[in-house]
Undergrad: 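My questions all concern the structure below.
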Amino acid sequence: MVMQLIRKMGLFLILGLNSFAAIAQEAKWNLPEPVTPVARDIFQIHNQFMLVIFVMFIVVLAIMIYSIFKHRKSRGYQAATFTGPTTRSQIAWTLVPFAILLYIDFILMGIPAVHSIQLMEDTKQGAEMVVKVTGSQWRWQYEYMDGEAEGIKFVSNLTTPQEQIYNQEEKGENYLLEVDNHFVVPVDKKVRILITANDVIHTWWVPAFGSARDAIPGFLRETWIEVEKPGTYRGQCKELCGKGHGFMPIVVDALPEEEFKAWVVAKKGEMEAATAGADKEWTKEELITHGKGVYEKNCAVCHQANGQGMPPAFPPLTGSAIVAGPNFDADGKLMVDSHLDRVWNGKNIMPGWKGTLNDVDIAAVVTYERNALGNSVGDMLQPAQVKALR
Amino acid sequence: MSYASTAGHDEHHDHPTGILRWLTTTNHKDIGTMYLIFSLIMFMVGGLMILAVRVELFQPGMQLMQPDFYNQLIGVHALVMIFAALMPAATGFANWMLPLQLGAPDMALPRLNNWGFWLLPPAAILLTLPFTLALFGIGDGAIATGWTFYAPLSVQGGIGVDFAIFAVHILGISSVMGSINVIVTIFNMRAPGMTLMKMPMFAWGWLITAFLLIATIPVLAGAVTMLLTDRHFGTHFFNAAGGGDPILFQHLFWFFGHPEVYILLLPVWGFMPQILQTFARKPMYGYKAQVYSFWGIGILSVVVWAHHFFTVGMPVPALIYFMFSTMAISVPLAVLFFCWIATMWRGSMTFETPMLFAVGWIILFGIGGLTGLVLADVAADAQYHHTYFVVAHFHYTLFAGGIMGIMAGVYYWLPKMTGHMYNENLGKLHFWLTAISFNLTFIPQFFLGLAGMPRRIPDYALQFADFNAVSTVAALVLGLSQLLFIYNIVSCARGGKKATDRVWEGSDGLEWTLPSPPPYHSFTEQPVIK
C-alpha cells in the first residue's frame, strides 16, 4: 500500500516536472525570451529556482496528502503522542530538511544570484554608448550622450488613440504598447543607461532585457543593456506614477550597426529641420494644425481632447482666464503665471515643457489652445518668440 | 471550579443597555466581538472595492471608471484590508481569547481596550470619506498612490492623502494601545503555574506581534508625518531639490511595512497549531522550536526591509545583504511548516471546517512562502518586482496566509463565542468555494506577471486578456462565497445546536474548560496550571 502510494507520487512528480518544463518553453506562461546577457542570466535563475520550489512544494504536499488520507479518525487511526524528536537519530533526521534548505538558499541559488547581481550592476565596464532616460508624467525622454548619436534627444509618447482605450474603436495589435518615437539602440553593443525622472518615481522596464531600474527625481540611477538580437521590444513603466501610469510604454528598436548609423543620420536631419522651423515665420493656420497634434499627444490626457479638463485636479482650458490673458508684458518679457509661462515652466502638477518640446511645438500648442477648444483669443505665438526665451 | 458562582457574580453589575452598552463597555468579549464585526464589515468594503477593480480589468480598455478612480480603489483596498480588516480581526481574537487561554478575568487594561477599539471607526471613515466628498465636489477623491504612500507622488496628491495620513495615525495609535494591553496582559495575568514556556501558542504569536507593532508603528507615523510637513509646511524630506531623498521614504515605510507582514501573520501562526492539534487529537509538535522560530522571525523581520525596493538602485553589498537576510527567514519559517505538518502526522484527524481551512492554509501559505523565496533573489526580482507576480505572491501570504487563517479561527472559536454550533455543511462549502476560487483568481496572476503585466495599471495590452478574464470571474465567485461566511456567522450567533464546553473532541486549553458561551467575567477564580 505504502509502496504503491510512493510510486504514484513519483509518477505524479515526473509528470509535473515534464509539464513544468513544457510550459517553461511557452512565452505566455513564462518570462519572455531573453535578449540581453542579464536577461539570459535571470531567465536561467528563474527557471532553476521555479523548478526547485516546485519540487519542494510537491514533496511537502505529498507528505501532507499521505498523512491526510492515512492518519484519519474515520480509518480508525490511533493518534500518536510524540511532541518532538527524542532519540539522537530522530534529531539528526529532523535537521536534514533544514540542511537542504540552507544549501538551496545560500549555495544552490545563492551563488548564481550573487553572480547575476554583479553582472547586473556592472554598468560601466566596456560600455560603448551612454543614453540618458528621463521619466515624466507620462512619457519617456531619451537623450544620447556620446558617440555619433550625441545630441539626439526626443520624447516618446503613447500613440494608442483615446477611442481605442474607451472602446469606440477596434484595438490595434500593439494596443497600449506603441509610441511615436522608438528608442533605438545598436545590437551587440553595451549601452549604459542613466535614468532619472522629472516629477515622481517611474520604473524603466523592458521584460526581454531583464533590466528594471527606478527613475527617481533628482537622482541618477543606472543600468545597462546589450541587445543580442535585432528586433522591436516593448515594455512599460512599472512604478505607480499617477493616472497615466498604464499609458507610458517603452518601445525599443535594436538595429544592426549599419541601420543604426543610418537612423542616426536621419534623426539628426529631422532635428535640424525642426530647429530650422523655429526661424521661419509660421501662419496661424499652420500653427493650429501642428498644435492640434502636439496637444492631443501631450496635453489631452489631463486637459481632455475637448479642453474641458478634469476639475479640480486638471482645470479646463476652455474659457480659462490664463489662456485668455497676454503672454508678454509691455517690455516683451514673459509674464509670470501667463499662458506661455505655465506651459514653459509648469506649476505644481502641471509639468514644464521647455525641456521636452521644441520651439515649434510649444508655439504651436499655445496658439492652438488660444484659438481652438472653444477659445478665440485671436493672437498667435511664433516659434521665434519661444526660441528667444531659451 | 464552580461556574454557578461566576454567573451569580455577573448579576451584581448594572450594565447599560442598547448602544451605550457597546460604547462604554470595557469587557474583553464585548470589545473582541466589536473588533471582529468591524473587521468583517471592512473586509466586505475592501472586497467590494477590489471587485470593482477586477471587473474593470475583465477586458482591455476602460469600461467602468477613470484611471484616477482606479488608482484610488487599489490603494484604499489595500489600506482597508491591512489596517481595518486583518489587524482588527487579530486584535479581536486577542481580546476574546487571551484572557480565556491565560486564565484571566479580562484584559489588563480594559479602558485602554475600549478606547483602542473606538478609534477604529473614525479612522475607517477618514479613509473612505474622500470618496464621498468628491461626489460633492470637495477634493478629488481618496488617496491614489497605492497603500505605500510613495513620495513624491503622495506629495503631489490631493486631499485624500491627508485623510489617509491621519487615518494611519489613528490606526497606529489604536494598534499601539492594543499591543500594550496584550503585553501587559500576557506578562501579568497568566494563571498561576503558567510559565511563559507553557503559555498557549496564540499568546506567543501575539506577544511577538505586539512588540513588532510597538517597534515599527512609530516609524510609520514619523514617515507619514514627514510627508505631511512636506506637503503643507515646506519641508523637503523627500524632495531632492531641497536636499531630501524620495528613497528615504521607502526605507522608512518598509521598515514598518515588512514587519507588518509578520504582524498580520504571527497571531495566525499562533492559533493554527492549536487548531491542528485539536483536530489531529495529538499534542502540538515542537512547541519550543515554534516559539524560538517566532523570535527568530520577529528579529529578522526588522532587518530585511530593503527587499521591497531592490530596483531603486543600491550598492552591490547592500543588495547581497538584503537578499541573504531575506532568504534566512525561510529557515525559521520552514521550522514552523515542519512543526505544523508534524503535528498532523500520525494524528487521528477529522476534517471539520476549521481543520479544512487549516490544512488549505498550510498548502496555500506554502505557495506564498516559496514564491517569496524566489522574490528574494535580487536579479530575478528585477523581473518580478511590481508585476502581477508580486500581487499573486502577497495575496497567497495575506489572503491565504492571513484571511483564510482568520476564517479557520472564526470557525474554530465561533461555537465557544456564541454557544451554538455553526452549520458544518455550509462551512465546508464556504471552504471549498473560497479555496478553489482563490486559486483561480491568483494562479493566472503569476503568469500575468511573468508575461510582463505591471501591477496597478488600469488597462493592459491585448496579450494579457485571457488570464485577466479568468481572474476576474474567479474573483467574483470568491467575493460571492463570502456571503456564505456571513450567513453562517449570523445564523450561528442567532441560534443553532447548543455547543458543549469542549466543543471539539480533541480540544485542549483553558478556554475549553469554561461553558460556551463563557461567563461575562471569564475566570473569576484563577485556574492553576500544573
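Just so it is clear, the values below take in all heavy atoms, side chains as well, and ignore hydrogens, waters and symmetry mates. A, B, ... follow the sequence lines: proteins, then strands. Residue 1 opens every chain.
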Undergrad: If the plane angle is over 60° it's perpendicular, under 30° parallel, otherwise tilted; pick one for Phe338(B) and Phe98(A).
TA: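 Aromatic pair Phe338(B)/Phe98(A) classed tilted.
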
Undergrad: Is there a donor-acceptor pair closer than 3.5 Å between any side-chain N or O of Asn30(A) and the backbone N or O of Leu450(B)?
TA: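 No, because the side chain of Asn30(A) does not come within donor-acceptor range (under 3.5 Å) of the backbone of Leu450(B).
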
Undergrad: Would you mind checking which part of Pro112(A) comes under 4.5 Å of any heavy atom in chain B, side chain (CB onward), backbone (N, CA, C, O), both or neither?
TA: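 For Pro112(A), no heavy atom lies under 4.5 Å from chain B.
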
Undergrad: Below 4.5 Å from any heavy atom of chain A, which atoms of Ile341(B) appear? Answer side chain, backbone, both or neither.
TA: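 Just its side chain gets close to chain A.
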
Undergrad: With only heavy atoms counted, which part of Ile195(A) is less than 4.5 Å from chain B, the side chain, the backbone, both or neither?
TA: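 Nothing of Ile195(A), per the 4.5 Å heavy-atom cut-off to chain B.
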
Undergrad: Under 4.5 Å from any heavy atom of chain B, what part of Ile201(A) do you find: side chain, backbone, both or neither?
TA: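 Its backbone and side chain both get close to chain B.
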
Undergrad: Leu101(A) versus chain B, heavy atoms under 4.5 Å apart: side chain, backbone, both or neither?
TA: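 Side chain of Leu101(A) only, per the 4.5 Å heavy-atom cut-off to chain B.
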
Undergrad: With a 4.5 angstrom heavy-atom cut-off, could you sort out which part of Thr160(A) is near chain B: side chain, backbone, both or neither?
TA: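 Interface part for Thr160(A): neither.
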
Undergrad: So which part of Asp459(B) gets closer than 4.5 Å to some heavy atom of chain A, the side chain, the backbone, both or neither?
TA: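 Contact with chain A is through both the backbone and side chain of Asp459(B).
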
Undergrad: Does any N or O in the side chain of Asp214(A) come within less than 3.5 Å of the main-chain N or O of Gly313(B), such that one atom is a donor and the other an acceptor?
TA: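 Side chain of Asp214(A) to backbone of Gly313(B), a donor-acceptor pair under 3.5 Å: no, none is there.
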
Undergrad: Does the cation-pi check pass for Lys282(B) over Phe82(A), that is, NZ or CZ under 6.0 Å from the six-membered ring centre and within 45° of its axis?
TA: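 That pair qualifies as a cation-pi contact.
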
Undergrad: Quick check on Met323(B) against chain A: is it the side chain, the backbone, both or neither that has a heavy atom closer than 4.5 Å?
TA: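 Contact with chain A: side chain only.
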
Undergrad: Verify, without hydrogens or angle tests, whether Gln78(A) (side chain) and Ser348(B) (backbone) share a donor-acceptor contact under 3.5 angstrom.
TA: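 Not a single qualifying donor-acceptor pair exists.
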
Undergrad: State whether the side chain of Thr83(A) and the backbone N or O of Met284(B) hold a donor-acceptor pair below 3.5 Å, judged by distance alone.
TA: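 The answer is no, because no donor-acceptor pair under 3.5 Å joins these two groups.
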
Undergrad: Over all heavy atoms of both residues, which pair between Phe324(B) and Asp105(A) is shortest? Give the atoms and the distance, please.
TA: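 For Phe324(B) and Asp105(A), the tightest heavy-atom pair comes out as CE2-O, 4.2 Å.
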
Undergrad: Given the options Leu177(A), Ile117(A), Val52(A), Asp41(A), which has more heavy-atom pairs under 4.5 Å with chain B than any of the others?
TA: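 Most heavy-atom pairs under 4.5 Å with chain B: Ile117(A).
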
Undergrad: Please classify the contact of Val155(B) with chain A as side chain, backbone, both or neither, using a heavy-atom distance under 4.5 Å.
TA: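 Looking at Val155(B), nothing touches chain A.
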
Undergrad: So for Phe464(B), is it side chain, backbone, both, or neither that comes closer than 4.5 Å to the heavy atoms of chain A?
TA: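 When you check distances to chain A, only side chain atoms of Phe464(B) fall under 4.5 Å.
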
Undergrad: Which bit of Gln250(B) comes within less than 4.5 Å of chain A, counting heavy atoms only: side chain, backbone, both or neither?
TA: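 Side chain only.
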
